[in-house]
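Comments concern the structure below.
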Amino acid sequence: MASGLLDEVFPAPARALLEETADLQAPAPVGEFASPGAREALARCEVLLTGWGCPPVDASVLERAPALRAVVHAAGTVKTFLTPAVFERGIVVSSAAAANSVPVAEFTLAAVIMGAKRAFPLARLFRDRRTHRTAADLGRQHWLGTNGLRVGVVGGSRTGRRVIELLGALDVDITLYDPYVTDAEARSLGVTRVELDALLATSDVVTLHAPQTPATRHLLDARRIGLMRPGTLLVNTARGALVDTEALTEHLVRGRIDAVLDVTEPEPLPAHHPLWDLPNVLITPHLAGAQGNETARLGTQAVEELARFARGEPFAHPVLAAELERLA
């Protein structure tokens, strides 16, 4: 993993369990696999404990790691560095994506509540005019507040399911679009499964939690964005490429819908892009995922997975090759 992450991702209790469980091959994170020291460690390594900044683990790395049996990732997606060769060799993989879903879901809930309250445009009006303003100052006849809203969740991922759980604290009706979720699974989550077009056309809030794959690129294209009703709030804490930015911009500039965008395409947007200055748009710097003290959850989960592996138990959070294509 990248240097400087060790203390932040692995707090003292997690580091103590790590040192109790494993024979560490290096006292500090290794940022590459080519140096003599890294090659020597790989030759003896049975488990790679990885994190943000891990270089690709490909066939050439695996050739130098004949004893490798597992990869435990103390972060979210493994698709940025693991190659198919890892799974082809039968190496088991775990990810801390479940731990990373906690802050993303919390951020999403906050975005839904604040966005539904039209807090962002109203706060801007209040700041500019320095006098009490009401929702009428928005100049639109949009709904205000969360009571009775229909929230459409796009993607029954770990994060999507946790968002559904948190939304249970609100008086909202929840629908879900996910081609891999059955009606029975949706009922067990307490939601109604619908097709994407229907979700977009009937939701007051649309929140995105689908992975970025070739099939989901511009999942919300010009036609589908046009299905959303005036006043709809779009929340994207997943991936910017899920949305056609040009098509979305047209609707946001017109004030037809609102948006909270933690991710964009491109990221960041060009300095003079119109979305930066719109009162009905809040753009945040890809911070919904684990930040600061939240990253300790990732390391703690990873070390717990390592302890399970050492005891001969299966991972609680495995990454399976058959599911990789549809994971974030």
Using a 4.5 Å cut-off between side-chain heavy atoms of Ile, Leu, Val, Met, Phe, Trp and Tyr, which other residues end up in the same hydrophobic cluster as [X]?
X	value
V263	none
L320	none
V30	none
V104	none

Filter on salt bridge (Lys or Arg N to Asp or Glu O under 4.0 Å), then keep only pairs touching [range], sequence neighbours left out; what's left?
range	answer
residues 33-43	E40-R44
residues 151-175	R150-D173
residues 193-203	D183-R193, R193-E195, D197-R223, D197-R224
residues 3-26	R15-E19

Flag for H286-E267: side-chain donor and acceptor within less than 3.5 Å =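 Looking only at side-chain atoms, H286 and E267 do form a donor-acceptor pair, the distance falling under 3.5 Å.
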How about E246: does its CD atom have over 12 heavy atoms from other parts shown lying under 6.0 Å from it?
-> no
Using the ring pair (Phe, Tyr, Trp, His ring centres under 6.0 Å) rule, collect all pairs that involve residues 30-76, keeping only residues at least two apart or in two chains.
-> H73-F81
Any ring pair (Phe, Tyr, Trp, His ring centres under 6.0 Å) pairs touching residues 197-227, not counting sequence neighbours?
->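 Output for this query is empty, none listed.
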R187: what forms a side-chain hydrogen bond (donor to acceptor under 3.5 Å, both in side chains) with it, not counting sequence neighbours?
->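 Counting only residues at least two positions away or on another chain, R187 forms no side-chain hydrogen bond (donor to acceptor under 3.5 Å, both in side chains).
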By ring pair (Phe, Tyr, Trp, His ring centres under 6.0 Å) - contacts of F87 (at least two apart) = none
